[in-house]
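Each remark here refers to the structure printed beneath this line.
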Amino acid sequence: QLQLVESGGGLVQPGGSLRLSCAASGINFGYHVIGWFRQAPGKEREGVACISSNGDRTNYADSVQGRFIIFRDNSKNVTYLLMDSLASEDTAVYYCAAARIYFVRRRAGLAPEGYDWWGQGTQVTVAS
């Protein structure tokens, strides 16, 4: 049974940093693209970043480009999202998702409908 578990969320001040983790079990992790998404209250779920199954391709939403970094350790079945220079508009529940392909083509990997499995999410709140 595939399972994705996010961790690392919390309360951080504007300008601060957080590292989110997405631990996977029950899958051959190296065959799966991983995406990070977020959903703020009253807004649609949006793609934040994604990384191909072998880690050689990434993509970022314009809103996080240059501030967030996604990477993965296939030996540990974990994907990370490093978030820097956080702002209030980054406040949301962050989800990781997986699909058993190299890379999701729709919207260059940032389309939620391209993913089949989802974690439960971790809350990130940016406030002073």
Side-chain angles (χ1 to χ4, degrees):
Q1 184 72 23
L2 185 144
Q3 188 173 18
L4 300 171
V5 179
E6 304 93 337
S7 61
L11 174 63
V12 62
Q13 292 187 341
S17 302
L18 279 176
R19 186 183 78 170
L20 303 184
S21 300
C22 172
S25 60
I27 60 173
N28 191 327
F29 188 66
Y31 290 158
H32 290 73
V33 59
I34 300 295
W36 280 98
F37 298 81
R38 67 186 181 187
Q39 188 165 19
K43 295 187 177 181
E44 292 187 353
R45 189 169 297 189
E46 63 170 340
V48 174
C50 59
I51 186 166
S52 60
S53 58
N54 65 358
D56 68 347
R57 181 179 176 182
T58 60
N59 191 34
Y60 298 89
D62 290 343
S63 58
V64 307
Q65 183 76 45
R67 300 189 298 122
F68 290 13
I69 297 174
I70 186 171
F71 64 100
R72 63 192 294 164
D73 185 342
N74 283 359
S75 68
K76 297 181 179 179
N77 284 13
V78 180
T79 304
Y80 302 96
L81 185 68
L82 302 181
M83 306 187 296
D84 195 18
S85 302
L86 286 164
S88 58
E89 51 265 34
D90 296 314
T91 295
V93 178
Y94 283 71
Y95 301 88
C96 67
R100 197 181 187 282
I101 54 175
Y102 164 71
F103 197 78
V104 173
R105 296 179 66 180
R106 188 173 297 183
R107 276 195 269 159
L110 299 182
E113 58 268 28
Y115 293 81
D116 301 309
W117 296 282
W118 292 81
Q120 293 301 305
T122 185
Q123 176 70 46
V124 172
T125 302
V126 185
S128 55

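Only this structure's heavy atoms are used, side chains among them; waters, hydrogens and symmetry mates stay out.
Checked against a 6.0 Å centroid threshold, the rings of Phe37 and Trp118 count as neighbours.
Formation of a donor-acceptor pair under 3.5 Å by the Tyr60 side chain with backbone atoms of Ile70 is found in this model. Checked by atom type and distance alone, the side chain of Tyr115 pairs as donor or acceptor with a backbone atom of Gly109 at under 3.5 Å. Not one N or O on the side chain of Glu6 forms a donor-acceptor pair closer than 3.5 Å with the backbone of Thr122.
Environment of OH in Tyr102: crowded, with over 12 heavy atoms of neighbouring residues, nucleotides or ligands closer than 6.0 Å. Counting heavy-atom neighbours within 6.0 Å of Glu113 CD, excluding the residue itself, gives a total above 12. Heavy atoms from other residues, nucleotides or ligands lying under 6.0 Å from CD of Gln120 number 12 at most.
Taking 4.5 Å as the limit, some side-chain heavy atom of Gln123 sits within range of a side-chain heavy atom of Thr91. Side-chain contact between Arg38 and Leu81: absent, with no pair of heavy atoms (C-beta onward) separated by less than 4.5 Å. Annotation: side chain of Leu20 is in contact with side chain of Val124 (closest heavy-atom distance under 4.5 Å). Between Asp90 and Arg67, the closest side-chain pair of non-hydrogen atoms falls below 4.5 Å.
Of all heavy-atom pairs between Asn74 and Gly30, the closest is ND2-CA, 3.7 Å. Nearest heavy atoms, Asn28 versus His32: O-ND1, 2.9 Å. Considering every non-hydrogen atom in both Pro14 and Ser128, the closest pair reads CD-N, 3.7 Å. In this structure, Leu4 and Ala24 approach most closely via the heavy-atom pair CD2-CB, 3.6 Å. Arg72 and Phe29 make their closest contact through NH2-O, 3.0 Å (heavy atoms, listed as atom of the first residue, atom of the second, distance). For Ala108 against Cys50, the heavy-atom pair with the smallest separation is O-SG, 3.5 Å.
Cluster membership for Ile34 and Leu110, using ILVMFWY side-chain heavy atoms within less than 4.5 angstrom, is not shared. Taken together through direct or relayed side-chain contacts under 4.5 Å among Ile, Leu, Val, Met, Phe, Trp and Tyr, Leu18 and Phe71 form part of one hydrophobic cluster. Tyr94 and Val78 end up in the same hydrophobic cluster when Ile, Leu, Val, Met, Phe, Trp and Tyr side chains are linked at under 4.5 Å. Ile69 and Phe103 sit in two unconnected hydrophobic clusters of ILVMFWY residues. Membership requires side-chain heavy atoms under 4.5 Å apart, directly or through other members. In terms of hydrophobic clustering, with Ile, Leu, Val, Met, Phe, Trp and Tyr side chains grouped at heavy-atom distances under 4.5 Å, Ile51 and Trp36 are assigned to a common cluster.
For the atom pair OG of Ser7 and OH of Tyr80, the computed distance is 9.0 Å after rounding to the nearest 0.5 Å. Residue Ser17 holds its OG atom at 6.5 Å from CG of Leu86, rounded to the nearest 0.5 Å. Separating the CD atom in Glu44 from the CD atom in Gln39 is a distance of 8.5 Å, to the nearest 0.5 Å.
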